[in-house]
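Notes for the one structure printed next.
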Amino acid sequence: MIRVFIAVLAMFFLPFFAYAAFKFVKDRGDVKDGFLNGAPVNWLLVIGTILAVGTLAKLVSTDILEYEAQQGSPAAIQGPQTPGRSP
């Protein structure tokens, strides 16, 4: 569960970190007061939310598929059976 939480949280903040890195490189490493004052926060929130929801959906669907793959049919669990006879 913690893996899912950390992955979703990381995907949400990824656009903010990417924008900060872009701004840092663009300003050639010169960090001033108000470094991210002109940041498009609304767009970063939208992109972060889309990435977080997509990551959550992917992880949940993968977990469900793995769980279903572990579940075997009753015949596979009980072993080989002779046709026409009950165990």
Side-chain angles (χ1 to χ4, degrees):
M1 185 66 193
I2 191 74
R3 175 181 64 109
V4 173
F5 178 73
I6 291 173
V8 170
L9 198 62
M11 286 297 118
F12 180 77
F13 285 112
L14 183 68
F16 294 96
F17 295 140
Y19 183 81
F22 165 74
K23 192 77 165 163
F24 184 77
V25 170
K26 183 180 173 189
D27 293 343
R28 295 189 166 95
D30 186 24
V31 180
K32 307 170 196 155
D33 287 340
F35 181 62
L36 296 175
N37 275 348
V41 177
N42 291 336
W43 284 110
L44 295 174
L45 285 172
V46 168
I47 294 169
T49 302
I50 290 170
L51 285 173
V53 169
T55 302
L56 181 63
K58 172 69 173 146
L59 289 175
V60 168
S61 67
T62 303
D63 286 345
I64 290 172
L65 291 174
E66 287 176 1
Y67 176 76
E68 288 178 355
Q70 291 175 356
Q71 303 296 320
S73 64
I77 295 172
Q78 293 175 0
Q81 293 182 355
T82 315
R85 297 189 179 218
S86 61

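- In this structure, Leu51 is not a member of the same hydrophobic cluster as Phe13, with clusters built from ILVMFWY side-chain heavy atoms closer than 4.5 Å.
- Partner of Val46 under the side chain to side chain contact (heavy atoms under 4.5 Å, CB included) criterion, out of Leu44, Thr49, Ile50, Asn42: Ile50 alone.
- In the hydrophobic cluster analysis, where Ile, Leu, Val, Met, Phe, Trp and Tyr join through side-chain heavy atoms closer than 4.5 angstrom, Phe16 is grouped apart from Val25.
- For Ala39 against Tyr19, the heavy-atom pair with the smallest separation is CB-CE2, 3.5 Å.
- Checked options Leu9, Leu59, Thr55; the residue passing with Val4 is Leu59 (criterion: side chain to side chain contact (heavy atoms under 4.5 Å, CB included)).
- Residues Phe12 and Val53 do not share a hydrophobic cluster, clusters being chains of Ile/Leu/Val/Met/Phe/Trp/Tyr side chains in contact below 4.5 Å.
- By the rule that hydrophobic residues join a cluster once side-chain heavy atoms approach within less than 4.5 Å of another member, Met11 and Leu56 end up as members of separate clusters.
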